[in-house]
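A quick write-up on the structure given underneath.
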Protein chains: 2
Amino acid sequence: MAKAKKRSDCPVSCSLDIWGDKWSLLIIRDLLFAKECTYGDFLKAAEGIATNILAARLLVLEENKIIEKLAHPDSKAKVLYRLTRKGIDLLPVMIEINLWAEKYFSIPEDRKALLQEVKKDKAGFIKAMTKELES
Amino acid sequence: MAKAKKRSDCPVSCSLDIWGDKWSLLIIRDLLFAKECTYGDFLKAAEGIATNILAARLLVLEENKIIEKLAHPDSKAKVLYRLTRKGIDLLPVMIEINLWAEKYFSIPEDRKALLQEVKKDKAGFIKAMTKELES
DNA sequence: TATCTTTACTTGCATTTTGCAAGTGTAAAT
DNA sequence: ATTTACACTTGCAAAATGCAAGTAAAGATA
C-alpha cells in the first residue's frame, strides 16, 4: 500500500508520519485499554470509524510494527489485534495526552479515576501496565 | 472557519479533534523550541508545509487557544506567534513523543543531546522550560 | 516620491484522502 | 442447507491536501 515518505529526520515528524491522523491513536487507545481487540471491537468505539479507514490504519500500524495480528482462540473467522512492544511504548504519550486533555476539557468520570491512579505514581503505573500488556 | 465537531467525550479523541493531523504538532514543536515564530519561520521548517495549510492550522490552533498572535516589535508587517499556557502544557506530550521516537528511529544528534537533559530530570526540565516559555 | 521587496496570507485547481453505503468471501451457527 | 457473523473490499461523492500563483499592506531603497 502506501510507501512511507519521510518528511524529515525530526522525531516528531517521523512519529506523525506513522500515526499523525485523527484515527490511529484511537486504535492504539483501544488496544492499550482493552489489551486485545477484534476488527469489530474497533468499529464499536464511540467515534465511529469507517470500515475502510479502519482497514487502512490497521495496515499502516502493522507495517510499522506498532500492532500485530494474532489468531483468535475461539474462531478462525476472528482476528485478534494487539500492540507490539513498540506500540506498548506509546503508553507514556497516551498518558500525557490524557493528562493534558483532563486539564482543558471535561472528561468522563471513569477516565478521571484512572488518571488519579496515574498521578499517584506515574512511573509505577506505566511499568505495571506495560508488563500486563506484554504478557 | 471549521466548526469543531466533537466525535466523543474521550480525552484522546477531543485532543485529536484539535491537533490530530500531520502538521499541527510540528507547528507546536517549532514554538516550543523557538518560543516565538513568524509565519515565515514556520515555512522554513524542514518538512515544507504549504502556505494555505499553515494558515488553516494556525487559525484552528488560535481558535482553540493553543497559540496566540502578538505584534512583532520590529515591524507591523510581521506577526509573532507564541504558545498560550494551554499550548505550553503540551510539552510533556511532545517530550514523550520524542523519547518514543528516539527509541525506534535514528534521530539528529542535537535532539539526542537535548533528550539526555530530559532524562536526567524530566520534571525539572518541564518546569524550567515551561517557566521560560511563559515569560 | 516612486518602486521594489518583504511579509502574511488568499485563491484556483489538480490530486489525494476521507467517509458512507453496499458488496464479497470465509467461517461458524442453526 | 441456509442463515448469520466477521473481516474486510469496492465504488463513489465530499472534503482535505498540496502546489503555484496572486494580493494587500508595510518597510526598505533609489
Side-chain angles (χ1 to χ4, degrees), chain A residues 1-8 13 16-27 30-31 34 36-64 66-82, chain B residues 1-8 13 16-27 30-31 34 36-64 66-82:
Chain A
M1 206 216 174
K3 187 87 276 284
K5 61 256 140 167
K6 198 179 182 181
R7 292 175 296 171
S8 82
S13 170
L16 295 177
D17 284 343
I18 300 176
W19 47 259
D21 65 272
K22 294 219 183 297
W23 295 108
S24 296
L25 280 179
L26 297 183
I27 292 171
D30 290 345
L31 287 168
E36 291 169 334
C37 294
T38 63
Y39 192 88
D41 290 334
F42 294 120
L43 291 177
K44 280 177 213 144
E47 293 83 13
I49 190 170
T51 59
N52 55 342
I53 306 295
L54 175 57
R57 290 294 163 280
L58 288 171
L59 187 60
V60 171
L61 291 174
E62 195 189 358
E63 285 171 346
N64 285 282
I66 307 282
I67 65 173
E68 59 189 350
K69 288 166 93 162
L70 262 70
H72 195 290
D74 296 351
S75 155
K76 279 188 193 173
K78 292 186 186 179
V79 178
L80 273 184
Y81 287 95
R82 63 180 289 172
Chain B
M1 204 210 176
K3 189 85 275 286
K5 61 256 143 170
K6 199 179 180 181
R7 293 175 296 171
S8 82
S13 168
L16 294 177
D17 285 341
I18 300 177
W19 47 259
D21 65 274
K22 294 220 182 300
W23 296 108
S24 296
L25 279 179
L26 297 183
I27 292 171
D30 289 346
L31 286 169
E36 291 169 334
C37 293
T38 63
Y39 191 88
D41 289 335
F42 293 119
L43 292 177
K44 280 177 214 144
E47 293 82 12
I49 189 170
T51 59
N52 54 343
I53 308 294
L54 175 57
R57 289 296 163 280
L58 288 172
L59 188 60
V60 171
L61 291 174
E62 195 189 356
E63 286 172 345
N64 286 282
I66 307 281
I67 64 173
E68 59 188 350
K69 288 166 93 162
L70 261 69
H72 196 290
D74 295 353
S75 155
K76 279 188 194 171
K78 291 185 184 177
V79 177
L80 273 184
Y81 287 94
R82 62 179 290 169

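Letters A, B, ... are given to chains in the order of the sequence lines, protein chains preceding strands, and every chain is numbered from 1.
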Of the candidate nucleotides [options], which contains the atom at the shortest distance from the side chain of [X]?
| X | options | result |
| --- | --- | --- |
| K5(A) | dC8(D), dC6(D), dT17(C) | dT17(C) |
| V79(A) | dA8(C), dC8(D), dG12(C) | dC8(D) |
| N52(A) | dA26(D), dC6(D), dG11(D) | dG11(D) |

Distance, rounded to the nearest Å, where [X] contributes [atom1] and [N] contributes [atom2]:
| X | N | atom1 | atom2 | answer |
| --- | --- | --- | --- | --- |
| K76(A) | dA29(C) | NZ | P | 13 Å |
| I53(A) | dA7(D) | CD1 | P | 18 Å |
| K78(A) | dC8(D) | NZ | C1' | 16 Å |
| L54(B) | dA20(D) | CG | C1' | 16 Å |
| D41(B) | dC9(C) | CG | P | 13 Å |
| L26(B) | dG18(D) | CG | C1' | 16 Å |
| H72(A) | dA28(C) | NE2 | P | 11 Å |
| Y39(A) | dT26(C) | OH | P | 17 Å |

Counting only distance, no hydrogens or angles, is the base of dT10(C) paired donor-acceptor with the side chain of T51(B) under 3.5 Å?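 Present.
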Exercise: identify the closest heavy-atom pair between [X] and [Y]:
| X | Y | result |
| --- | --- | --- |
| I18(A) | S24(A) | O-OG, 4.2 Å |
| T38(A) | H72(A) | CG2-CD2, 4.0 Å |
| R7(B) | D17(B) | NE-OD1, 2.8 Å |
| F42(B) | I49(B) | O-CG2, 4.0 Å |

Looking across every strand, which nucleic acid part, if any, lies under 4.0 Å from F42(A) by heavy atom: base, sugar-phosphate, or nothing?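 F42(A): no heavy atom of the nucleic acid under 4.0 Å.
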For a quick check of understanding: with a heavy-atom distance under 4.0 Å over all strands, which category does D21(A) fall into, base, sugar-phosphate or nothing?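 Counting heavy atoms under 4.0 Å across all strands, no contact is made by D21(A).
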Can you tell me if W23(B) touches the phosphate of dT17(D), counting only side-chain N or O atoms and a distance under 4.0 Å to OP1 or OP2? no
Strictly distance-based, threshold 3.5 Å: is any side-chain N or O of N64(B) a donor or acceptor partner for the main-chain N or O of I66(B)?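 Absent.
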When the nearest nucleotide of DNA chain D is assigned to A50(B) and to L43(A) on a heavy-atom basis, which residue is associated with the more 5' position?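 This one resolves to L43(A).
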Does K69(B) or S75(A) map to a spot on DNA chain C nearer the 5' end, using the closest nucleotide for each? K69(B)
